[in-house]
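Here the structure is a predicted model, which is why all the values come from computation and not from measurement. Note on naming: letters A, B, ... go to the chains in the order of the sequence lines (proteins, then strands), and numbering restarts at 1 for each one. We use all heavy atoms of the structure for the numbers below, so side chains are in, but hydrogens, waters and symmetry mates are not.
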Amino acid sequence: DSGVTQTPKHLITATGQRVTLRCSPRSGDLSVYWYQQSLDQGLQFLIQYYNGEERAKGNILERFSAQQFPDLHSELNLSSLELGDSALYFCASSPGDETQYFGPGTRLLVL
Amino acid sequence: AQSVTQLDSHVSVSEGTPVLLRCNYSSSYSPSLFWYVQHPNKGLQLLLKYTSAATLVKGINGFEAEFKKSETSFHLTKPSAHMSDAAEYFCVVSGPYYTGGFKTIFGAGTRLFVKA
């Protein structure tokens, strides 16, 4: 158990809908990362937050957005969902260096 | 720019024999390198990391990796495979982003099969 929690574990929704994925980092970690894992794209870095501020951006679509709140938990918002957005979404937290500790993931299925 | 290439998509070994998972990287500066393992339907677990200290890095569960700058490689090894090592392994390169964060790039993964 890494100490990073993600909710929900599974999510089934329809195309065009909007969902919110939640991540609570390890106690004391200020940094949160989001990743998307799919069969065709592999593990893709989406975005990093540090203490509430966006710090690095990867291959994140404009339909996706994230934020980190004052209590350091983070939410990833996915809107106008498409079939291709079906994937496993991971959150990771870090104490501030580059070492990341991953949560168990949220499996999203878009029908 | 950074990139990472895992040279084998699948590796199959017999239990008790050595494991070698190959990783090459490209980076315009001194990178940090990691190996993560993902068991089926699980999250990713950190095996080991290299951050410009000793070039031979020891990790958990008997794994180790050697950073070779001249070959731009960071191969993962284990002297003797165990059935529980069957999983997907990811080589990762990380480096500073211009805004002060870290940008992380994962390799495509190597699936390790262990035969009894």
Shortest non-hydrogen pair, B:Lys42 vs A:Phe90, comes out as O-CZ, 4.0 Å
Honestly, the part of B:Leu44 sitting under 4.5 Å from a heavy atom of chain A is both
Could you check whether atom OH of A:Tyr50 has more than 12 heavy atoms from other residues, nucleotides or ligands sitting under 6.0 Å from it? no
- Message: In this structure, would A:Val32 and A:Phe102 fall into the same cluster of hydrophobic residues linked by side-chain contacts under 4.5 Å?
- Response: no
Honestly, the part of A:Tyr35 sitting under 4.5 Å from a heavy atom of chain B is side chain
**Request:** Report yes or no: do A:Ile47 and B:Phe106 belong to one cluster of Ile/Leu/Val/Met/Phe/Trp/Tyr joined by side chain heavy-atom distances under 4.5 Å?
**Result:** no
Taken in chain and number order and not counting sequence neighbours, the residues that satisfy salt bridge (Lys or Arg N to Asp or Glu O under 4.0 Å) with B:Glu15 are none
Cut-off 4.5 Å, heavy atoms of chain B, and the answer for A:Ser2 is neither
Minimal heavy-atom distance between A:Tyr33 and B:Thr104, with the atoms involved, is CE2-OG1, 4.1 Å
For the hydrophobic clusters of this structure (ILVMFWY residues joined by side-chain heavy atoms under 4.5 Å, transitively), does one cluster hold both B:Ile60 and B:Tyr50? yes
_Check for me, please, whether A:Leu88 and A:Leu81 land in the same ILVMFWY cluster - side-chain distances under 4.5 Å, paths through other members count._
no
Under 4.5 Å to a heavy atom of chain A? For B:Gln45 that would be neither
By side chain to side chain donor-acceptor pair (under 3.5 Å), B:His82 pairs with (sequence neighbours left out) B:Ser84
Between B:Tyr36 and A:Thr99, the two heavy atoms sitting closest are OH-C, 4.4 Å
Okay, A:Gln37 and chain B: the region with an atom under 4.5 Å from a heavy atom over there is side chain
When rounded to the nearest 0.5 Å, the distance separating CD1 of B:Ile105 from CG of A:Leu43 is 12.5 Å
